[in-house]
Amino acid sequence: MSDEKRKTYKPVPISGFPEWLPEIRLVEQGWMDHIRRVFESYGFCSIETPSVEALDVLRAKGEVDKEIYVLERLHRDEDDDSEARLALHFDQTVPLARYTAQHFNDLVFPFKRYQMQRVWRGERPQLGREREFYQCDIDVIGVDHLPLHFDAEMPAVIYEALEGLDIGRVQIKVSNRKILTGLCGALGIADPVPVTRMIDKMDKIGADGVREGLSALGLSSAQNDSLMALAQIKTRDPETLKARIESLSLQGDDVITEGVAELAFVLEQLRHLPDHAVTADLSIVRGLDYYTGTVYETRLLDIPAFTSSVCSGGRYDDLAGSYINKHLPGVGISIGLTRLFAVLEHHGHIKAGRKSPADMLVVLPAEERRAAAAETARALRARGYKVELYHAPQKLKKQLAYAEKKGIPYIWFPPFEDGQGHEVKYMTTGAQITADPETWTPES
RNA sequence: GCGGCCGUAGCUCAGUGGUAGAGCCCUCGGUUGUGGUCCGAGUUGUCGUGGGUUCGAUCCCCAUCGGCCGCCCCA
């Protein structure tokens, strides 16, 4: 190295592409492990699809409005069209559709799978809105028919997954699109999309805001009143739900009746969850156009700073119609893991873990003792501990400070001289006792 | 894609028309086999980039890039 200062690129974070320090990553990893365990406990199997799909596949469902990252080889021959254009997937539903169609004959239906992968969207980054983020999806796909039972299983799974993350009380809001779209039809509203989108903002801009918005869309005050009366229904009791819909005098519309029955069934199946955990909320619609029945959204009740949904999904009539000539209805829900994690981290709700996964640091007393210390470390590892052997025979002050900074809770002292025994030090209390690497277990 | 705010050490920020500081962090030391506290010493910046005004700009003006927030949409 010369005296002259080397030229360096200033390292800067890439906006929208989050990364964590080890002590935060440890927590995120713990979350993923927990979520995975819950998913598997309900029998969902894991699949992983490539980061990329053919661009045509991603666009097959008509969602061209998504900002898609296209993959390009630097040395691609300009005229070479032999390779399909690839792009990073923006969700896990489209890849699932392609996957299901492709492996249709080898899959067992109803196909229950989970998928925890990164997805990419080129939208403007903001807090809780990244360009690269993890989604944890569960979906169930049926052939021709999919029992409503699964619509009720989704919130049950998600409640368990989120409830174990130490993020306070979680509430899953459930609705059924048939009710609101049925009402739009009954009211003679030609294009229900802008109307439902406005109603979906209830949480954000309030009832008055929605009412104004609906008027601005050109609805009559009678239409407005009907919609608002419906959209403000919020209950977790199926009987109350039915009663309140009946009081709106909407009988006779088959679509609405069907939607109410489905939603009531879902609520009924979720009675085992705590009171706060589930509610029907008729203002929930979801933006995605392919949802046809049950829809979900999730709120954190104890963290007011977190206003957006951390987990949402719904039922769709036909998952893979673009890829296979079969009728495959499904229902799915997705945890926006990175959004959830990043926002909570930003607001100081994530308690940092340790900077190292190691349970203990084995001290290296002197170079001549390295072989013996390494043997001690192996013995402890063989008993299931995560063990780091200090790398150099430096002053103990340095070795202990190293362990302290990394948050390693136990220091193991192998013999410094022949004939001596082992000792272990508890960093939390400072206590140090003699111990045998073959039998020692930490006092709880 | 549209609108607003902001760009000074790794981080949080102060500061002045005459080429810069604090706290935290980091490194080393306070002798002989033991961390966290305390004390002492030390390193770090093209003051986002380019141009203009000026004898002189980090500070004034213009542009540009970048970041953050809101909207759209959504996890």
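Letters A, B, ... mirror the listed sequences (proteins, then strands); counts begin at 1.
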Would you list the atom pairs, donor with acceptor, under 3.5 Å between side chains in residues 211-218 of chain A and any protein atom, with sequence neighbours excluded?
| from | atom 1 | to | atom 2 | distance (Å) |
| --- | --- | --- | --- | --- |
| R211(A) | NH1 | D225(A) | OD1 | 3.3 |
| S215(A) | OG | R211(A) | O | 3.2 |
| S215(A) | OG | N224(A) | ND2 | 3.1 |

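- Legend: residues meeting side chain to side chain contact (heavy atoms under 4.5 Å, CB included) with H272(A), ordered by chain and number and at least two apart, are A156(A), L270(A).
- Taking only side-chain nitrogens and oxygens, R121(A) never comes nearer than 4.0 Å to OP1 or OP2 of rC74(B).
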query = How does RNA chain B look in dot-bracket form if you count Watson-Crick and G-U pairs under 3.5 Å, write [ ] for pairs that cross, and put | where a base pairs with another strand?
reply = (((((((..((((.......)))).(((((.......))))).....(((((.......))))))))))))....
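- Scanning for side chain to side chain donor-acceptor pair (under 3.5 Å) contacts around T235(A) gives an empty result, with sequence neighbours left out.
- Residue side chain R129(A) does not reach the base of rA75(B) through any donor-acceptor N/O pair under 3.5 Å, judged by distance alone.
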Validation: residues 428-438 of chain A side-chain donor-acceptor distances under 3.5 Å, sequence neighbours left out:
| from | atom 1 | to | atom 2 | distance (Å) |
| --- | --- | --- | --- | --- |
| T429(A) | OG1 | A431(A) | N | 3.1 |
| Q432(A) | NE2 | E423(A) | OE1 | 2.6 |
| D436(A) | OD1 | E438(A) | N | 2.8 |

Please tabulate, one pair per line, each protein N/O and nucleotide N/O from nucleotides 66-70 of chain B that are separated by under 3.5 Å, including the distance.
| from | atom 1 | to | atom 2 | distance (Å) |
| --- | --- | --- | --- | --- |
| rC68(B) | OP2 | S15(A) | OG | 3.0 |
| rC69(B) | OP1 | L127(A) | N | 3.4 |
| rC69(B) | OP2 | L127(A) | N | 3.2 |
| rG70(B) | OP2 | Q126(A) | OE1 | 2.9 |
| rG70(B) | N7 | Q126(A) | NE2 | 3.3 |

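- The stretch residues 361-373 of chain A participates, sequence neighbours left out, in these salt bridge (Lys or Arg N to Asp or Glu O under 4.0 Å) pairs: E367(A)-R370(A), R369(A)-D418(A).
- With sequence neighbours excluded, no residue satisfies salt bridge (charged side-chain N to carboxylate O under 4.0 Å, His left out) with E130(A).
- The list of salt bridge (Lys or Arg N to Asp or Glu O under 4.0 Å) pairs with a residue in residues 295-312 of chain A, not counting sequence neighbours, reads R169(A)-D302(A), D203(A)-R299(A), R286(A)-E297(A), E297(A)-R299(A).
- Screening residues 149-167 of chain A for salt bridge (Lys or Arg N to Asp or Glu O under 4.0 Å) gives K112(A)-E153(A), D151(A)-R315(A) as the qualifying pairs, with residues at least two apart or on separate chains.
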key: Letter per nucleotide, 5' to 3', of nucleotides 32-41 of chain B [B base touched, S only sugar-phosphate touched, - untouched; heavy atoms, 4.0 Å]   = -BBBB-----
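- Within 4.0 Å of K406(A), counting heavy atoms only, lies no atom of the nucleic acid at all.
- Not counting sequence neighbours, the partners of Y426(A) by the ring pair (Phe, Tyr, Trp, His ring centres under 6.0 Å) test are Y410(A).
- rU58(B) and rG17(B) are spaced 10 Å apart, taking the C1' atom of each and rounding to whole Å.
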